[in-house]
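Chain naming here is simple, since letters A, B, ... match the order of the sequence lines and numbering starts at 1 in each.
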Amino acid sequence: MATSFQKAVWEALKRIPRGKVTTYGAIAAHLNTKAVRAVGSAVGQNPYAPEVPCHRVVNAGGRLGNYSGEGGKSTKKRLLEREGVVVKNDRIMDFGTHFFDYTKER
DNA sequence: TACATGACTATCC
DNA sequence: GGGATAGCCATGT
């Protein structure tokens with residue numbers, strides 16, 4: 001079932017524009033919490049696969065981290081590159097450029 | 001209510 | 001640089 005926390009996480013994900021990525025830590029900070037692990041769980045359980053761009057979420061340092069989808073990280077990597085994000089060796093190139101900062105957004 | 005688990009992060013060796 | 005350990009909060013059993 002969708003808890004209030006999970007909804008908040010998914011809402012945060014939907015704010016990520018195409019071609020941008022964010023981190024679990026950034027989302028946690030945006031939700032005023034440090035539960036980055038809970039955030040990861042929420043993202044992984046999102047029932048709105050195409051609606052919620054879960055593939056735009058990476059872990060600290062711009063590494064892809066995990067991905068519960070077809071092909072796993074491979075698919076995630078391909079989706080990101082298709083949006084203009086360069087991924088190399090499971091890592092985001094020019095992470096700072098593609099990073100979506102919630103504190104700077106609006 | 002209590003315990004175990006997890007799409008994580010930071011620190012230590 | 002890579003592996004192990006601890007801390008963290010929400011969720012599920």
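Residues passing the salt bridge (charged side-chain N to carboxylate O under 4.0 Å, His left out) test with A:E11, sequence neighbours excluded: A:K14. Residues satisfying the side-chain hydrogen bond (donor to acceptor under 3.5 Å, both in side chains) test with A:K73, not counting sequence neighbours, are A:D90.
Whole-Å rounding puts the A:R91 CZ to C:dG2 C1' distance at 13 Å. Residue A:N89 contributes atom CG, which lies 12 Å from atom P of C:dG1 at whole-angstrom precision. Taking atom CD1 of A:I27 as the reference point, atom C1' of C:dA10 lies 15 Å away to the nearest angstrom. Atom CG of A:L31 is separated from atom C1' of C:dC8 by 15 Å (rounded to the nearest Å).
The side-chain hydrogen bond (donor to acceptor under 3.5 Å, both in side chains) test with A:E83 is passed by exactly one of A:R78, A:K20, A:R56: A:R56.
The 5' end of DNA chain C is approached more closely, in terms of each residue's nearest nucleotide, by A:T33 than by the other of A:T33 and A:M1.
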Item to check | Sugar-phosphate or base contact per nucleotide [nucleotides 6-13 of chain B; S, B, -; heavy atom under 4.0 Å] | outcome: BBBSS---
Less than 3.5 Å apart, which donor and acceptor atoms pair up between the side chains of residues 21-29 of chain A and the rest of the protein, not counting sequence neighbours?
residue: A:T22; atom: OG1; partner: A:F100; partner atom: O; Å: 3.4
residue: A:T23; atom: OG1; partner: A:A26; partner atom: N; Å: 3.0

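Residue pairs meeting the ring-ring contact (aromatic ring centres under 6.0 Å, His included) criterion with at least one member in residues 75-96 of chain A, sequence neighbours excluded: A:F95-A:F99. Applying the ring-ring contact (aromatic ring centres under 6.0 Å, His included) definition to pairs two or more places apart or across chains, none involves residues 59-91 of chain A.
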